[in-house]
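Following: one structure in structure tokens, then a few remarks.
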Amino acid sequence: MTSLDKPTEHGNAPTDHGNGGQDADSRAVTEAALFEAFGGVRGMVETVLPGLLFVTIFTINKDLHMSAIAALAVSLVLVAVRLVMKDTVKHAFSGVFGVAFGVVFAMMTGNAKDFYLPGMLYTLGLALAYMITTIAGVPLIGLILGPVFKENLSWRTRNPGRKKAYAKASWAWGLILLAKCAILFPLYWWADTTQFGWVLIALKIPPFLLAVYLTWVFLAKAPPPIDVFAEMEAAEKAEEERKAARP
């Protein structure tokens, strides 16, 4: 892979084919940012566990109320554990809201399959958001990862290589999620609750991992991010030095 130096003031990044250490550093930074943004292994567990518990209990006793209460309870426990450990709770909280909406839908209709409907609609909306924002020139994955990489929106105008990488990654996320919806929505109508639930659980992690992997591939080959926070700090320091140097 081509290694890249620090961007110039115009956002261009000259290549340095001999700098393997910087290339490794860029990969490590990208991996750490993706891990932080998408929650890592723990985030995946928190995403899968409530739905897995729901379909397991429903498969055993066909009790919608018990299944729904158990799924919601485990979501709350996951949030409580993060709060006690003083960890980031955004992934656990998003899981609680998703499960809560599913429980409300299922209880209102009396159809256990409706437990999964809000999540499916969210996935469809997210797929469309990835594609529409990319067409509009502001790929969603860039909006998500920009603050994580401390580049904010600098990639839009100052770093065209990263903007292109973000566009590719957003298309990947959009198309993968759309393919997932193309499988799940027909099954929502045709399959029974147990069959549908297990298929949905099976499709939780693999598409996500594929999308994250492709994002890593695209970003690892892109120019490094422009640290706008470091730039602001440097500008403030330079201004202070100028003031201190005045007679």
Side-chain angles (χ1 to χ4, degrees), residues 31-85 87-107 111-127 129-130 141 144 172-188 191-216:
E31 290 171 4
L34 289 175
F35 193 90
E36 177 182 343
F38 297 113
V41 174
R42 187 172 181 179
M44 287 188 287
V45 170
E46 291 171 342
T47 299
V48 172
L49 190 57
L52 178 61
L53 187 60
F54 179 91
V55 71
T56 300
I57 294 175
F58 191 82
T59 299
I60 294 172
N61 61 19
K62 308 300 181 187
D63 189 324
L64 169 59
H65 289 78
M66 182 182 294
S67 302
I69 292 172
L72 186 57
V74 76
S75 297
L76 293 172
V77 168
L78 292 172
V79 172
V81 170
R82 280 192 176 265
L83 288 172
V84 170
M85 298 180 67
D87 288 337
T88 302
V89 296
K90 60 181 180 180
H91 300 289
F93 266 129
S94 64
V96 168
F97 288 126
V99 171
F101 278 116
V103 168
V104 169
F105 267 66
M107 293 294 189
N111 184 353
K113 278 196 290 188
D114 287 340
F115 172 79
Y116 304 105
L117 187 57
M120 293 167 57
L121 294 174
Y122 173 78
T123 299
L124 178 59
L126 191 58
Y130 275 116
I141 199 71
I144 294 171
W173 278 91
L175 293 173
I176 288 170
L177 294 179
L178 199 62
K180 180 178 176 179
C181 290
I183 296 172
L184 292 179
F185 275 95
L187 286 177
Y188 173 79
D192 64 35
T193 300
T194 300
Q195 293 171 335
F196 177 72
W198 286 111
V199 170
L200 191 145
I201 293 299
L203 288 178
K204 277 279 187 181
I205 300 302
F208 172 81
L209 291 179
L210 176 59
V212 170
Y213 172 73
L214 291 175
T215 301
W216 177 82

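Just so it is clear, the structure is predicted and the values come from calculations on it, not from any experiment.
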Quiz item: So do D63 and I57 actually touch side chain to side chain, heavy atoms under 4.5 Å?
Solution: no
Quiz item: Which heavy-atom pair separates K204 from K180 by the least distance, and what is that distance?
Solution: CA-NZ, 4.1 Å
Exercise. Give, for atom CE of M120 and atom CD1 of I183, the distance between the pair rounded to the nearest 0.5 Å.
Key: 11.5 Å
Practice problem: Could you tell me whether the side chain of Y130 reaches within less than 4.5 Å of the side chain of L178, counting heavy atoms only? | Solution: no
Practice problem: Check the angle between the aromatic planes of W173 and F208 and answer parallel, tilted or perpendicular using the 30° and 60° thresholds. | Solution: perpendicular
Quiz item: Looking only at heavy atoms, what is the nearest atom pair of L177 and A127, with distance?
Solution: CB-CB, 3.7 Å
Quiz item: If you count the non-hydrogen atoms of other residues, nucleotides and ligands that lie under 6.0 Å from CZ in F185, is the total more than 12?
Solution: yes
Quiz item: Of all heavy-atom pairs between S67 and N61, which one has the smallest distance, and what is that distance?
Solution: OG-OD1, 4.5 Å
Quiz item: Which heavy atom of L184 sits nearest a heavy atom of L200, and at what distance?
Solution: CD2-CA, 4.0 Å
Exercise. With the side chain counted from C-beta on, respond yes when I205 and T47 share a heavy-atom pair under 4.5 Å apart, and no when they do not.
Key: no
Exercise. Take L78 and V96 through the side chain to side chain contact (heavy atoms under 4.5 Å, CB included) test and state the conclusion after the steps.
Key: CA-CA 9 Å; L78 292 172; V96 168; over 6 Å; no
Practice problem: Could you pull out the closest heavy-atom pair between L117 and Y188, with the gap in Å? | Solution: CD2-OH, 3.8 Å
Practice problem: Locate the shortest heavy-atom distance separating S75 from V99; write the atom from each residue and the value. | Solution: OG-CG2, 3.2 Å
Quiz item: So how far is it from L64 CG to I69 CD1, rounded to the nearest 0.5 Å?
Solution: 9.0 Å
Quiz item: Side chain of D192, backbone of Q195: donor and acceptor closer than 3.5 Å?
Solution: yes
Quiz item: In terms of heavy-atom contacts, does OH of Y122 have more than 12 from other residues, nucleotides or ligands at under 6.0 Å?
Solution: no
Quiz item: Between atom OG1 of T193 and atom CH2 of W198, what is the distance when rounded to the nearest 0.5 Å?
Solution: 13.5 Å
Quiz prompt | Nearest-0.5 Å distance, OG1 of residue T123 to CD1 of residue I176 | solution = 12.5 Å
Quiz item: V79 versus E46: any side-chain heavy-atom pair under 4.5 Å?
Solution: no
